[in-house]
Amino acid sequence: MKAALLYGTCTGKTEAAAELIRDEFGEDFFETYEDIAQLEPGDLAQYDFIVCGVPTWDVGEIQYDWQDVYDELDSVDLAGTKIAFFGMGDQGGYPDTFQDAIGLVYLKMLERGAEGKIGFTETDTFDFTESKGVIDGKFCGLCLDDDCQPELTEQRVKDWVEQVKRELEAVPA
Ligand SMILES: Cc1cc2nc3c(=O)[nH]c(=O)nc-3n(C[C@H](O)[C@H](O)[C@H](O)COP(=O)(O)O)c2cc1C
């Protein structure tokens, strides 16, 4: 399986989480490990599995480099590509738009043919009001909050990577 771990970041927190996730999957799992700013949207279609790290910025907005990709996704065919998301946000500062960005990019990629429903997580260890990242009652990926709950990040990553590996094994390649 050709896999990529792609993250966007403004202040480095999503990159730090991406590093934890890569280590947890194992060094050889991802053929590509890259800041999304370094890729063209069309590059995404070559992978069987993409893990996308997307922080929410500017009150409910997609981080800028991911926004550039989002804007061009209409010309990218993601049929046959499995996707999983992790997000970075701040539930204390932005409880009404907590982790919106993962939901926005996730739904756009589904629209382009990608296969989702991998790595969904429960909302109950977070304190927020509204989130576009919640789909069918769960976050559509791993949510991390290094502003309010940095002490939980490492374990959340470990549990999530284990879950994603299990789920990938359960679905046909
Ligand atoms: C101006 C500003 C707006 C933000 N808006 C949101 C938001 O709407 N929702 C959210 O969950 N986090 C929001 N955040 C928090 C960031 O997502 C959080 O700090 C994250 O860790 C940044 O990740 P990065 O360092 O990888 O860019 C905002 C932060 C700032 C400074």
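In what follows, residues are counted from 1 in the order of the sequence shown. What you see is a predicted model; the values in this text were computed from it and never measured.
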Begin from the C-alpha positions of D136 and K117 and carry the test salt bridge (charged side-chain N to carboxylate O under 4.0 Å, His left out) through to its verdict. CA-CA 10 Å; D136 297 335; K117 295 201 171 147; 5.3 Å; no

Strictly distance-based, threshold 3.5 Å: is any side-chain N or O of E34 a donor or acceptor partner for the main-chain N or O of L6? no

Does D58 use its side chain to pair, donor to acceptor, with the backbone of E61 at less than 3.5 Å? no

Report yes if the side chains of T32 and D43 come closer than 4.5 Å at any heavy-atom pair, otherwise no. no

Residue pair W160 / I21, side-chain heavy-atom distance below 4.5 Å: yes

Any sub-3.5 Å donor-acceptor pair from E167's side-chain atoms to G119's backbone N or O? yes

Any donor-acceptor N/O pair, D90 side chain to G93 backbone, under 3.5 Å: yes

Is there a chain of hydrophobic side chains (I, L, V, M, F, W, Y, each step under 4.5 Å between heavy atoms) that links L142 to V105? no

Can you tell me how far the OG1 atom of T97 sits from the NZ atom of K132, to the nearest 0.5 Å? 8.5 Å

Do side-chain atoms of Q149 reach the backbone of F126 as a donor and acceptor pair under 3.5 angstrom? no

Regarding E111 and K108, does a basic nitrogen lie under 4.0 Å from an acidic carboxylate oxygen? yes

Verdict with supporting geometry, I36 and Y7, side chain to side chain contact (heavy atoms under 4.5 Å, CB included): CA-CA 5 Å; I36 189 65; Y7 60 88; over 6 Å; no

I'd like to know if the side chain of W66 and the backbone of C52 have a donor-acceptor N/O pair within less than 3.5 Å. no

Joint hydrophobic cluster, F30 plus M1, side-chain heavy atoms closer than 4.5 Å: yes

In the hydrophobic clustering that connects Ile, Leu, Val, Met, Phe, Trp and Tyr at side-chain heavy-atom distances below 4.5 Å, which members other than W57 occupy its cluster, ordered by chain and number? Y64

Does one hydrophobic cluster hold both Y70 and L39, with members joined at side-chain heavy-atom distances below 4.5 Å? yes

When rounded to the nearest 0.5 angstrom, what is the spacing between CG in L104 and CE in M109? 12.0 Å

How about Y94 and D96: do any of their side-chain heavy atoms sit closer than 4.5 Å? no

Taking all atoms of both residues into account, what is the closest heavy-atom pair of P41 and V69, and its distance? CG-CA, 4.0 Å

4.5 Å side-chain heavy-atom contact, V157 and L144: yes

Verdict with reasoning, Y106 to F120, per ring pair (Phe, Tyr, Trp, His ring centres under 6.0 Å): CA-CA 11 Å; Y106 172 78; F120 277 35; 5.5 Å; yes

Under a 3.5 Å cutoff, is there a donor and acceptor pairing between the side chains of Q63 and D65? yes

Answer yes or no: are there more than 12 heavy-atom neighbours, outside D71 itself, under 6.0 Å from its atom CG? yes

Atom CD of residue position E154 - does it have more than 12 heavy atoms of other residues, nucleotides or ligands inside 6.0 Å? no

So, is the end of the K82 side chain (NZ or CZ) under 6.0 Å from the ring centre of F49 and within 45° of the ring's axis? no

Check the pair D159, Q163 against side chain to side chain donor-acceptor pair (under 3.5 Å), reporting the backbone distance first and the verdict last. CA-CA 6 Å; D159 294 345; Q163 174 190 340; over 6 Å; no

What do the steps show when you test I118 against F85 for side chain to side chain contact (heavy atoms under 4.5 Å, CB included), and what is the final call? CA-CA 8 Å; I118 298 171; F85 279 76; over 6 Å; no

What heavy-atom pair brings V54 and A101 nearest, and what distance separates the two atoms? CG1-CB, 3.7 Å

Are V161 and K165 packed together at the side-chain level, in the sense that at least one heavy-atom pair is separated by less than 4.5 angstrom? yes

Test of understanding: clusters of I, L, V, M, F, W, Y form through side-chain heavy atoms closer than 4.5 Å, transitively. Do V134 and I62 belong to the same one? no

Can you tell me how the ring of F128 sits relative to the ring of F139, calling it parallel under 30°, perpendicular over 60° and tilted otherwise? tilted

Could you walk me through whether D147 and K13 pass the side chain to side chain contact (heavy atoms under 4.5 Å, CB included) test, one step at a time? CA-CA 9 Å; D147 290 282; K13 293 191 177 108; 3.4 Å; yes

Taking atom CD of E151 as the centre, report whether more than 12 heavy atoms of other residues, nucleotides or ligands fall under 6.0 Å from it. yes

Okay, side chain of T121, backbone of G141: is any donor-acceptor separation there less than 3.5 Å? yes

So, R112 side chain and L73 main chain: donor-acceptor pair closer than 3.5 Å or not? yes

Compare every heavy atom of D145 with every heavy atom of R156, then report the nearest pair and how far apart it is. NH1-N, 4.4 Å

Classify the side-chain pair Q99/Q91 by whether it contains a donor and acceptor separated by less than 3.5 Å. no

V76 versus L78: any side-chain heavy-atom pair under 4.5 Å? yes

Under the side chain to side chain contact (heavy atoms under 4.5 Å, CB included) test against F86, which residue among V164, I102, T14 passes? T14

List the steps, then state whether side chain to side chain donor-acceptor pair (under 3.5 Å) holds for D48 with T81. CA-CA 5 Å; D48 304 307; T81 301; over 6 Å; no

Run the numbers on M88 and D146 for side chain to side chain contact (heavy atoms under 4.5 Å, CB included), then give the verdict. CA-CA 7 Å; M88 192 59 85; D146 277 4; 3.6 Å; yes

Do L168 and L5 land in one hydrophobic cluster if side-chain heavy atoms of ILVMFWY residues count as linked below 4.5 Å? yes

Side chain T56, main chain D100, donor-acceptor under 3.5 Å: yes

How close do G8 and P55 get, heavy atom to heavy atom, and via which atoms? O-CD, 3.2 Å

Can you find a heavy atom in the side chain of F98 that is under 4.5 Å from one in the side chain of T129? no

Hey, does the side chain of E19 reach the backbone of A16 with a donor-acceptor pair shorter than 3.5 angstrom? no

